[in-house]
Amino acid sequence: MTPKPITSPSNQIIKDIKALEMRKRRKETNLFLVEGLRSVIEGVELGSTLKYIAYHTNIKDKDELKRCVSYCNDCGGYALEVNDLVLEKLSRKDNPQSVIGVFTQTFHKLENIDKNDTGRNYITLEKIRDPGNLGTIIRTIDAIGAHGVILIDQCCDPYSVETVRATMGSIFSVPIFQTTLDEFKIWSKDWQGDVIGTTLQSSVDFREITPKKPLLLMMGNEQAGLSEDLRQLATYCIRLPMNGRADSLNLSVATGICLYALLEPWK
Ligand code: SAM
């Protein structure tokens with residue numbers, strides 16, 4: 001027998017899913033929310049564990065929905081048919097989605113990175129605060145084909161709704177590492193390629209260098225920039241020229257420029 005659609009936003013499962021908007025709850029459950037069929041499909045195709053899928057029957061792509069529902073069942077999860085009212089509660093107000101997925105979070109371990117593999121490049125972010133920046137950077141890392149993001153010290157949550165939304169599905173394909181400054185200092189000691197810092201004060205123009213791979217690119221905090229500790233670890237630091245009156249670039253824009261300049265084959 002097909003279960004009845006959930007029509008009340010105060011249903012306990014819906015409340016539990018909604019609570020994943022809170023960092024505390026995400027931490028306790030190790031789950032996170034994904035909005036929209038396209039992003040849910042990314043998670044399914046990359047084999048992430050799908051705990052819940054909530055969907056409206058008005059969805060156009062019924063075959064894709066069926067595939068996701070069947071995958072959710074295979075994961076031992078629950079597929080929930082819901083109405084507009086419930087979706088409005090679970091989804092963003094300005095662009096409500098017909099499908100919401102709840103997946104398990106994945107964090108990777110630094111010791112599993114091969115520091116000698118010249119084909120694998122990583123980006124470190126120090127105390128990044130803005131979820132939109134983090135999501136945009138994860139999406140850019142995916143786009144260029146780099147291999148992971150290393151979050152140093154207290155950063156915003158990579159699995160927050162805002163970050164996941166900004167990744168546009170890339171949250172599933174970019175491995176995420178979390179570490180402290182002290183751990184990172186020890187771990188990065190025998191990195192085989194260049195460790196490149198980014199600072200406004202550097203005398204090295206980003207166009208002047210050809211990095212030795214594998215690359216470890218270090219980006220600083222939105223307000224404070226790259227700390228002295230991380231600058232000390234760098235093979236060298238690079239600067240993107242600031243020719244107008246703006247004193248710096250937005251962090252995600254700077255990361256995108258550095259990645260394409262340093263990793264694309266025309267270098
Ligand atoms: N007031 C900060 C400072 O003095 O570094 C500005 C931080 S900036 C908004 C955030 C990060 O973006 C920097 O730490 C650096 O990684 C990168 N960034 C921004 N503009 C840059 C530039 N022109 N050259 C190199 N890195 C830049």
Side-chain angles (χ1 to χ4, degrees), residues 110 113 120-158 160 162-163 165-168 170-171 174-185 187-189 191 193-264 266-267:
L110 281 185
I113 292 181
R120 297 179 84 79
N121 304 291
Y122 296 84
I123 292 73
T124 73
L125 301 173
E126 184 181 28
K127 295 183 180 167
I128 179 169
R129 290 284 185 261
D130 184 303
N133 274 343
L134 179 53
T136 305
I137 292 171
I138 290 173
R139 185 179 176 187
T140 309
I141 292 174
D142 182 16
I144 191 131
H147 294 89
V149 63
I150 301 170
L151 302 174
I152 300 183
D153 283 347
Q154 198 58 52
C155 289
C156 57
D157 183 2
S160 73
E162 298 89 330
T163 302
R165 193 180 284 156
T167 70
M168 299 290 288
S170 295
I171 189 71
V174 175
I176 297 170
F177 303 81
Q178 275 181 325
T179 188
T180 60
L181 180 61
D182 289 341
E183 269 172 14
F184 183 76
K185 274 185 184 168
W187 173 82
S188 62
K189 261 189 189 143
W191 184 258
D194 280 341
V195 179
I196 299 186
T198 50
T199 62
L200 303 173
Q201 299 80 13
S202 169
S203 55
V204 184
D205 186 301
F206 79 114
R207 289 163 293 196
E208 289 165 14
I209 63 156
T210 305
K212 181 175 171 227
K213 310 278 179 55
L215 170 69
L216 200 49
L217 175 68
M218 301 189 297
M219 308 300 299
N221 164 268
E222 287 96 336
Q223 272 80 44
L226 197 67
S227 67
E228 190 48 41
D229 281 302
L230 288 185
R231 290 179 198 208
Q232 294 289 331
L233 295 182
T235 320
Y236 45 81
C237 287
I238 56 170
R239 162 183 55 87
L240 303 164
M242 301 299 304
N243 298 325
R245 285 185 56 79
D247 60 2
S248 67
L249 286 156
N250 162 278
L251 170 60
S252 56
V253 172
T255 309
I257 295 172
C258 290
L259 282 178
Y260 273 86
L262 301 176
L263 292 182
E264 266 299 287
W266 71 70
K267 287 294 295 178

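Numbering starts at 1 and runs along the sequence shown. Ligands are counted one by one from 1 in listed order, and the atoms in each one are counted from 1 as well. Predicted model, so just to flag it, every value in this text is computed and none were measured.
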K.L.:
Only one of Ile152, Asp182, Leu181 forms a side chain to side chain contact (heavy atoms under 4.5 Å, CB included) with Asp229, so which one is it?
P.N.:
Leu181
K.L.:
Mind listing the N or O contacts between ligand 1 and protein, cut-off under 3.5 Å?
P.N.:
unit_1: ligand 1; atom_1: 1 (N); unit_2: Gln223; atom_2: O; d: 3.1
unit_1: ligand 1; atom_1: 14 (O); unit_2: Gly220; atom_2: N; d: 3.3
unit_1: ligand 1; atom_1: 16 (O); unit_2: Thr198; atom_2: OG1; d: 2.6
unit_1: ligand 1; atom_1: 16 (O); unit_2: Gly220; atom_2: N; d: 3.0
unit_1: ligand 1; atom_1: 20 (N); unit_2: Leu249; atom_2: N; d: 3.0
unit_1: ligand 1; atom_1: 23 (N); unit_2: Leu240; atom_2: O; d: 2.8
unit_1: ligand 1; atom_1: 24 (N); unit_2: Leu240; atom_2: N; d: 2.9

K.L.:
Can you list the residues that meet the side-chain contact (heavy atoms from CB on, under 4.5 Å) rule with Asn133, with sequence neighbours excluded?
P.N.:
Ile128, Asp130, Glu222, Asn250, Leu251, Ser252
K.L.:
Should the pair Tyr122 and Trp191 be assigned to parallel (<30°), tilted (30 to 60°) or perpendicular (>60°) ring geometry?
P.N.:
perpendicular
K.L.:
Is it the case that the side chains of Ser202 and Thr199 hold a donor-acceptor pair, with the cut-off being a distance below 3.5 Å and no angle test?
P.N.:
no
K.L.:
I'd like to know whether Thr140 forms a side chain to side chain contact (heavy atoms under 4.5 Å, CB included) with Ile123, so could you lay out the CA-CA distance, the side-chain angles of the two residues, the decisive distance to 0.1 Å, and finally the verdict.
P.N.:
CA-CA 11 Å; Thr140 309; Ile123 292 73; over 6 Å; no
K.L.:
For Ile209 and Leu262: C-alpha separation, side-chain torsions, deciding distance, then whether side chain to side chain contact (heavy atoms under 4.5 Å, CB included) applies.
P.N.:
CA-CA 8 Å; Ile209 63 156; Leu262 301 176; 3.5 Å; yes
